[in-house]
Amino acid sequence: MGSTLGVAVVGFGWMGRVHTQAYTRVPHHFPGLSLRPELIAVADEVPGRAEEAAAQYGFATAARDWREVAADPRVQAVSVAAPNFLHREIGVAMAEAGKHLWIEKPVGLTAADARAVAGAVATAGVQGTVGFNYRNAPAVAAARELIAAGEIGTVTHLRIRLFSDYAAHPEGALTWRYERERGGSGVLGDLASHGVDLARFLLGEIASLTADTAVFVPERARPTGATAGHTRSAGGELGPVENEDYVSCLLRFASGARGVLEACRVSVGEQNNYGFEIHGTKGAVSWDFRRMGELGVSRGTSFQDQPVSTLYVGPGHGEYAAFQPGSANSMGYDDLKVIEAHNFLRSIAESTPYGATLEDAVHSATALDAMARSAEHGTWVSPGD
């Protein structure tokens with residue numbers, strides 16, 4: 001039995017619950033981990049929500065104000081699952097209080113916010129993990145290994161898609177997600193941030209890009225009460241949607257490969273249609289999140305009319321063995337967050353970063369800012385500019 005680590009969760013909407021459940025599950029899937037998380041505190045500004053979480057999951061303390069968590073000496077690590085506009089303030093404060101940080105993407109509203117949190121984490125000498133969970137899928141790990149081993153030759157081009165309908169209903173409430181001041185970007189920060197991370201994880205750095213964005217549902221009704229997730233609101237006062245529903249982006253990688261990234265939050269008929277197709281000079285590899293344990297692979301020497309086979313991931317691919325004993329047994333979204341929790345706790349235990357870090361968040365946010373500039377000016381942009 002390892003030593004315990006006092007953890008807290010700030011923001012207890014759906015993602016706060018996912019983090020909490022990951023903490024409770026991680027010792028069962030990774031029994032060799034030397035740190036065992038202990039649920040110390042939960043904070044949420046919505047009246048009663050933190051108390052409900054404490055009663056359900058066993059947190060020792062419930063609070064309305066996240067500052068109580070920052071001041072609590074029992075808390076050594078914090079999950080930040082609050083809205084985007086609070087990421088910078090909370091993230092910096094927690095790092096300055098000497099607490100390790102597991103924070104959801106996009107880590108603020110801009111690249112400057114992500115840099116501020118990353119800088120605070122580095123200065124404090126604490127560990128920082130970011131919620132880019134799709135890279136944790138064992139099939140994505142297998143794809144990365146295939147590419148690195150040259151199994152599909154030199155990568156020529158990639159296509160990443162992230163289509164969903166969570167904002168497609170015209171009665172979807174005008175929550176913070178649709179406001180520039182509190183949500184920052186729209187589908188850029190919500191979905192395209194994952195796309196950028198997957199692109200970098202699989203193919204390396206992005207050298208330049210050009211993007212186009214659009215708002216397809218220009219007005220929504222303001223909510224009349226507290227919201228969580230994607231709440232509907234009918235009959236309320238209408239307000240403008242201030243950030244983008246859709247983005248398409250052309251990418252040029254430092255390697256010379258080309259790419260297309262497309263994301264939309266109002267795609268009727270699409271539910272979590274996330275995935276990629278990557279082509280090389282000798283083959284191809286593809287993945288669909290909705291069939292998470294399968295990888296489409298084409299490799300060989302035929303080139304023309306070369307067949308595609310289905311690889312069912314299993315033990316030996318990523319962290320699959322921590323969940324299932326044999327290939328083709330299903331894993332789910334929450335399992336990816338358990339892997340993320342494991343990476344976070346292992347980073348703390350070994351004082352070495354594992355998984356997605358704050359630097360990855362900075363790279364993603366920098367690319368998102370570049371997409372916004374490109375869409376505004378209609379030009380190619382380098383994320384480094």
Side-chain angles (χ1 to χ4, degrees), residues 11-18 44-49 81-87 104-106 108-110 131 133-134 159-196 211-249 260-275 288-290 332-334 364-365 368-369 371-376 378:
F12 209 77
W14 169 65
M15 188 53 70
R17 290 179 182 272
V18 171
D44 195 291
E45 64 179 11
V46 176
R49 188 179 283 174
N84 298 353
F85 68 97
L86 294 172
H87 285 185
E104 275 304 312
K105 55 82 204 167
L109 305 181
T110 64
N133 44 269
Y134 297 108
R159 184 171 75 96
I160 291 181
R161 69 189 184 282
L162 299 110
F163 297 147
S164 192
D165 63 357
Y166 65 79
H169 201 289
E171 293 181 359
L174 188 68
T175 64
W176 60 267
R177 294 180 183 277
Y178 304 99
E179 300 174 3
R180 283 289 178 190
E181 185 176 350
R182 298 193 297 164
S185 62
V187 77
L188 283 174
D190 196 22
L191 294 182
S193 57
H194 283 299
V196 172
D212 182 38
T213 62
V215 177
F216 296 137
V217 183
E219 288 186 319
R220 296 181 182 274
R222 300 185 188 280
T224 57
T227 62
H230 305 291
T231 306
R232 292 185 190 175
S233 180
E237 178 189 358
L238 292 178
V241 172
E242 298 173 350
N243 51 33
E244 73 290 336
D245 291 325
Y246 169 86
V247 62
S248 60
C249 183
V260 177
L261 188 158
E262 192 176 15
C264 185
R265 63 188 181 188
V266 297
S267 297
V268 175
E270 302 284 7
Q271 297 86 38
N272 299 324
N273 183 358
Y274 309 152
D288 187 328
F289 167 66
R290 298 165 301 179
Y333 175 92
D334 285 15
S364 177
L368 299 183
D369 281 3
M371 289 181 196
R373 293 199 309 274
S374 174
E376 180 181 0

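In this chain, residues are counted from 1 in sequence order. Just so you know, these numbers use all the heavy atoms, side chains as well, and skip hydrogens, waters and symmetry mates.
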Once rounded to the nearest 0.5 Å, what's the spacing between atom [atom1] of [X] and atom [atom2] of [Y]?
X	Y	atom1	atom2	value
D44	R49	CG	CZ	4.5 Å
L261	L162	CG	CG	6.5 Å
L174	E179	CG	CD	5.5 Å
R159	E262	CZ	CD	7.5 Å

Audit row: V187, D245, side chain to side chain contact (heavy atoms under 4.5 Å, CB included) steps and yes/no: CA-CA 6 Å; V187 77; D245 291 325; 6.0 Å; no
Donor-acceptor contact below 3.5 Å, side chain R220 vs main chain Y178: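 The answer is no, because no donor-acceptor pair under 3.5 Å joins these two groups.
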Backbone N/O of S193 and side chain of S364: donor-acceptor pair under 3.5 Å: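 Yes: the side chain of S364 pairs with the backbone of S193.
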Distance-only donor-acceptor check, side chains N272 and R290, under 3.5 Å: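 Judged by distance alone, the side chains do not pair up.
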Any idea which heavy atoms bring [X] and [Y] closest together, and the distance?
X	Y	value
M371	V247	SD-CG2, 4.4 Å
G183	N84	O-ND2, 3.3 Å
S164	L191	CB-CD1, 4.4 Å
P223	A173	CB-CB, 4.2 Å
S185	G189	OG-N, 2.9 Å
R222	P240	NH2-CD, 4.1 Å

Sub-4.5 Å side-chain heavy-atom contact between [X] and [Y]:
X	Y	value
L86	W176	no
N133	H194	yes
V266	Y246	no
R177	D190	yes
R265	Y166	yes
V241	N243	yes

Heavy atoms from other residues, nucleotides or ligands near CD of E45 exceed 12 (cutoff 6.0 Å):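 Result for CD/E45: open.
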Who passes side chain to side chain donor-acceptor pair (under 3.5 Å) against [X], sequence neighbours left out?
X	value
E104	H19, K337
E242	none
Q271	D165

F289 and Y333 aromatic ring geometry - parallel, tilted or perpendicular at 30°/60° bounds: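 Plane angle over 60°, so perpendicular.
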Pair R161-D288, salt bridge (charged side-chain N to carboxylate O under 4.0 Å, His left out): steps then yes or no: CA-CA 9 Å; R161 69 189 184 282; D288 187 328; 3.3 Å; yes
